[in-house]
Every structure is written in structure tokens, then in C-alpha cells.
Protein chains: 2
Amino acid sequence: MADTAHRPENRYGNRPTMKDVAARAGVGLKTVSRVVNGEAGVTADTERRVQEAIDALGFRRNDSARVLRKGRTSSIGLVLEDLADPFYGPLNRAVEEVARAHGALLINGSSAEDPDREQELVLALCARRVDGLIVIPAGHDHRYLEPEIKAGVATVFVDRPAGRIDADAVLSDSFGGARSGAAHLIAHGHRRIGFIGDQPGIHTASERLRGYRTALADAGLPIADDWVSLGTTAPRRVHEAVRAMLALPEPVTAILTGNNRVTVTVVRVLTDHERPVALVGFDDIELADLLDPGLTVIAQDAATLGRTAAERLFHRLDGGADAPARVVVPTRLIARGSGEIPPPADG
Amino acid sequence: MADTAHRPENRYGNRPTMKDVAARAGVGLKTVSRVVNGEAGVTADTERRVQEAIDALGFRRNDSARVLRKGRTSSIGLVLEDLADPFYGPLNRAVEEVARAHGALLINGSSAEDPDREQELVLALCARRVDGLIVIPAGHDHRYLEPEIKAGVATVFVDRPAGRIDADAVLSDSFGGARSGAAHLIAHGHRRIGFIGDQPGIHTASERLRGYRTALADAGLPIADDWVSLGTTAPRRVHEAVRAMLALPEPVTAILTGNNRVTVTVVRVLTDHERPVALVGFDDIELADLLDPGLTVIAQDAATLGRTAAERLFHRLDGGADAPARVVVPTRLIARGSGEIPPPADG
DNA sequence: CTGAAAGCGCTAACAC
DNA sequence: GTGTTAGCGCTTTCAG
């Protein structure tokens, strides 16, 4: 047909349109639209004829066109650090469930902890005109989002706050969690407690360090420089940090870790160590209860983090115009054995 | 302005369009389009003026309109069972990386192992006109996809094959993996080996059962009915199955599990059991090497599964028209101790 | 209850 | 180099 000759090659494989359905059913375009969208005002008989044409043609509404006209995509974007990280799985799922309840689809992407990639991804999502955005930030400067937010893209940050802009954020209680973890070790008699954390530029990492420091200060305990190690979560780096703390003239008798990647490496090192060393890890880990001793952790509630953020987002989309707020989700200390090991009698 | 009065309320928060940019820069619409898309044929001076207008207005191209015109969304859909399941994390990420390399975004969703929800999600993605679809099927009848596939939606199934349609599938070697796991236990002297698997309706579950049966048959070993238990992965169900096998007059001396949820429960039960029982689990588990004994597993390569499926998808999108194929990704047995426990001397 | 016309914001095709 | 026109497939508006 001359009519279709102008179409781009792979134009949806030449799918039928409402116009095609209308022609086949012998009705007007708008009537098809009414049937497809379940609107009232169509005779049962007309509806049947239209439905037959739809089935015969294999018609499915093109939401791209619908979106262009309606101005809403009914989709939200979620940018996280790594889709493969088990910590983000429950968060991702929780966001999805809320989105689903609001009839929205979820577009996902990983920043790979790279600020440029984060920005690229976020702006691509804005170009797609997602209704809202949930971001676990990799970068520290989100001013690039200002025009987008001004233009109406609701945005909620999770796990870490936004940098240099005022925006909603839903965060775990890193400070309180780390403080309670350190306090737990102190309560079990430890006086030389090491902290092995992530890079201090990361908000949660510095908050956890602050919690550790506060707990020790509150207990009137000093902190030696040798007891604190911050850096990448690379096993090698962590491995060396642990060995160094245990090789001190007065070695640490307990360790608090700043996240689960660090924890795993520390567990491996301690398994080979002759003397028992107490350990409290930040973030829960699957099977932590099956280890011997069981791993005592400060558990974050990733699902609540995601659900809260998504609910906040849809609150905004529903017109909520209150000032940007910071919501803090509590952590929970789960004692399983490793954090209850007492210091050696001579320590 | 009267011009904007007709617009829907929340129309992208009234973002500027190319027309607005053109007016402000004093150029034609097409020139703006050229600048935005980096096309050649624009003077450096014109380009600068357009760029200034873009920045001043905070313009960002509306991809919804672009998609409508171009006929391709540059997005693919991934439907999996549960975004929160750690097994799917690496798969998800691998798919994302391939999509990203092809300039496509990823729309994600969970079927929650519910065929109706799978269908609903898949059809919603088709309405969005995703270029392609990667599906971990929950249901067993995918004929609902026939019109979509015919209309040009490339579709690849992963982890389990499609039901009642002929489509590409990328699968783990469930049969070979289970067979090698059982053979491993036989090689270590076991003659009474239990199998605790998932519901037999699930393709991978029945394949793994078949691998178990084949290994025992190949070794000339009989299989008692009491040694095989299939059903949900609910801890309670698995717990009872294990206890029953261990309470037989001639109890099993080794167990092969059908997936990681089952494995976790079995480990818990065996920890409390007086006699050591050998265990090989299907699927690797984080920290499996830290358990005592270390957990011997048949590891699937979820990332390869995802990458292979995504590559196949883009191969199709690039015009690949070969017949639907089934690609099998090998598994790997990782011996860590639990699978090398010998049977008791009297067994 | 039904349909014709306009237009969402962009790109393709073709002028100039 | 640049601009004009048409139209992607749908929803909105308004007239029958």
C-alpha cells in the first residue's frame, strides 16, 4: 500500500493502530478509543464489534502515543549503585510494589558508583519523562537536577542524601546503628575496639564512623589512630587493615565493620586467627546465623527504605508540596554470638 | 497565555519544547532539532545561539515524542520472578550492561511467580513498545505472546523455557549439574542419597530430579521413594522432609538439594543433627565457604545467563532471523567440604 | 451514543 | 545552512 510506504523500516513491525481497528469495525476512531480504555458510552453491540476487530488484528494500544498526549508516562526511574548488590534487591522490590500499586512501571539502572554515569542515567530518565525519580546517589553534586525538579520531576534520594540541592531523602540511621554496635561491644567488656569502614567521602561511611567515635567517647574510652581504618572495600585492603590491628602491641579485642563487603572479609581473616575476636558488622548478611559463631549485625531495613522512598515520591506526585524532608529509618542490632565474645582475661 | 491554557494540568510541569527554543533563538524548529541531536549542517554561531536558548530555558528533549516518530523506544523489558532474590541480581545487572552498550534502558518487573501477573506485566511492556523482552517465565503457556512476537517484539526466555510457543531460551544445565552433584556424592562412597527439590511443575526442578535419577541409575544404584521429596521451598516443608529421610530405618547418608532456598533450610537441620550427613546444594550461596563444613554446591552462572540472553535479544533486534534456539549454560561443582563427607563406616 | 478535527513534541522529507 | 510541511497514534474537545 502506498499508505504504509512512508513508514520507517522497523516501525513496531507495522502494528495495527486504532484507525485500522476503526476501519475494520466500521466505527469511528474515538469509539475504538472508548472501548480500549473501558470508557462508558458505547453500546454492547458496538463494543463487541470493536473487540472482534481488536482480536482479529492483534491490536495493542501504543502507550508512546498515549503518553505524548496525556503528559504522564506512569513510570518512575530508580537509579541505584549496583543492581547485582544483594542489599539493593529488597529495596528494588519494595519500590516496585509501591509503583505497581500506583499503576507505574519501573525503569532501573546502576550508576556503578560513578557520578558521571549517574548523571547520564538520570538525565536519560528525565528525557523519557519519568513521573518521578528515586536515586541512590553516587555523586556529591546534584545541581544538574535543578532544572528537572523545577520542571516537575519528583525526586527522592535514598540511602545517601543529595549533594548541594535541597531534596527529599530517606536514610538508614547509620550514626545510631554504629553507635549501638560499638556500645554493644563496650557493654561486653571491650575497651580496644577497631573500626574498619568504607571511604570517608561516602555519607553513610562517615556517619558510621561518627557513631563509633561517639559510643567510645560516651563511655570515656580513648581511640587510638591505629584502631580506625577507612578505604575501599577491596578484600586485600581490608585484610591488611585487620591484620595490622591484631598485630599491635596492644591489639584490638573487637571490631566494628562499616558495611557487609568489609564484614565478609573480616570474617575470613578472623576465622584463621588464633585468638577469638569479637565482631559486629553493619548490614545483615544472608546465612549470618549459620556461621560459627553466628554473626552479630546492625541490620538495615532495605525494604522499608525503598517503600518509604517510593511512598514519599507518590505523595509528591499526588500534589504533596511540603518542604523537602529527611526521613530516618531505624536499624536493629541482632545478637548472634560474634558480638558477644568477651575480651581475653588479660586484655 | 491562551496558547497554554488547553494543556493538561501536570503536563510535564509545562516544560519548554523545541518550538520554544527555536522562538527564543530566532531560528527554525529543525535547526534546534539538529543541534539537540548533534547533526551536521549548523554554523558554529547558530549552534551557540541555540545552545544558549536551551540552557536558558532548561530544555530537555522529550523522548516520548521522539519515540512516537522513530518507532523504537530503545528500551527493553526484563520480567523476573523476584527483584529481591539475590540469584537474579547478577542476571539483572548483566542484562543492564548489555542494554547500556546498545543504548537501551531497562524496564524491570517481578512476576512474583504468578502467571497472571507475568502476563499483565509483559503486555504492559508491549504496550510501551519495548524493543525486546527478556522473561523468566512464571507460567507455562505463553501463547498470549504470539501476536506480540509476530508484531516484532523480540523475546528471549531465561532460566526456564517458554510454554507452548517456540522461542529463544537460555538455560542453566540443570540436568547435567544435578547429575554431577549426585555423581560426586556417589564417588565419595554414598549409596543412599536423598533429593529434596522444588515443585515438579517447575522446569528446572524436574530437570534436576532427572539428573539425580540418572546419576544413580548410571551407578547401578536403586532409588527408594522415601529418598525423594518435591514440593514448596517453605522451610517447614523442607524441614520435615529432611527429618523423615534421616529417620528411616536405613537413613540417607547424603542429600542433594534442588535450589538455594531448600539448601539453606537443610543446612539448618543438619547443623542440629548428631551424625554428619553429606550435602551438595544446587545454586551457590554467599558465604558458603565460611560455613563449617564449607558448603559444596553446583553453581549456576547467573551473569552469563543474563548476558547471553541479552546478547541474543540484540542479535534479534539487529535482524538476526535464525530459528529459535535453546542455549545451555554449564554449571560448575565447587567442592568445599560438605559434599566430601564420607558415609558412616557402618552405612 | 458517536465521530470529526485538532494537536501533544518530535523527526523525515523536501523545499529554499 | 536553514526552514517548512506533514504526520507518528493517541486523547481531547466539541458537534452532532
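A quick note: this is a predicted structure, and the numbers were derived from the prediction, not measured. Protein chains get the first letters and strands the later ones, always in sequence-line order, with residue 1 at the start of each.
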Any Asn37(A) side-chain N or O less than 4.0 Å from OP1/OP2 of dT11(D):
yes
Does one side chain, of His102(A) or Asp318(A), offer a donor that lies under 3.5 Å from an acceptor on the other?
no
Report the distance from atom CZ of Arg49(B) to atom C1' of dG1(D), rounded to the nearest whole Å.
12 Å
Once you round it to whole Å, what is the distance between C1' of dG9(C) and CZ of Arg129(A)?
9 Å
Find the distance Lys30(B):NZ to dG9(C):C1' and express it as a whole number of Å.
13 Å
For the side chain of Arg69(A), counting heavy atoms from C-beta on, which of dT11(D), dT2(D), dA12(C) is nearest?
dT11(D)
Candidate nucleotides dT11(C), dG3(C), dT2(D), ranked by approach to the side chain of Thr31(B) - the nearest:
dT2(D)
Starting from P on dG9(C), measure out to CZ on Arg128(A) and report it in whole angstrom.
18 Å
Side chains of Thr17(A) and Asn62(A): closer than 4.5 Å at any heavy-atom pair?
no
Toward the 5' end of DNA chain D, which comes first, Ala65(B) or Thr43(B), by nearest nucleotide?
Thr43(B)
Starting at CZ of Phe59(A) and ending at C1' of dC10(D), how long is that distance when rounded to a whole Å?
9 Å
Any donor-acceptor N or O pair under 3.5 Å, side chains Arg307(A), Thr304(A):
yes
By the 4.0 Å heavy-atom rule, please label Asp63(A) as base, sugar-phosphate, or nothing.
nothing
Rounded at 0.5 Å granularity, tell me how far CG in Leu106(B) sits from CD1 in Ile76(B).
5.0 Å
Take the protein atom CE of Met18(B) and the nucleotide atom P of dG7(C), then report the distance between them rounded to whole Å.
20 Å
Tell me which of Thr46(B) and Leu29(A) sits closer to the 5' end of DNA chain D, going by the nucleotide each one is nearest to.
Thr46(B)
Report yes if some heavy atom in the side chain of Thr73(B) is under 4.5 Å from a heavy atom in the side chain of Ser64(A); otherwise report no.
yes
Compute the bend angle of the helix from dC1(C)-dG16(D) to dC16(C)-dG1(D) from the end axes (five pairs per end), rounded to 10°.
40°
Out of dT2(C), dT11(D), dC10(D), which nucleotide sits closest to the side chain of Lys70(A)?
dT11(D)
Picking from dT11(C), dC10(D), dG9(D), the nucleotide nearest the side-chain atoms of Leu68(B) would be dG9(D)
Nearest to the side chain of Arg34(A) - dA6(C), dT11(C), dT2(C)?
dT2(C)
Glu118(B) side-chain N/O to Gly139(B) backbone N/O, donor-acceptor pair under 3.5 Å
yes
Whole-Å gap separating C1' (dC8(D)) and CZ (Arg66(A)):
17 Å
Please say which of His142(A), His203(A), His140(A) ends up in a ring-ring contact (aromatic ring centres under 6.0 Å, His included) with Phe157(A).
His142(A)
Without decimals, in angstroms, what is the distance between Glu39(A) CD and dC10(D) C1'?
12 Å
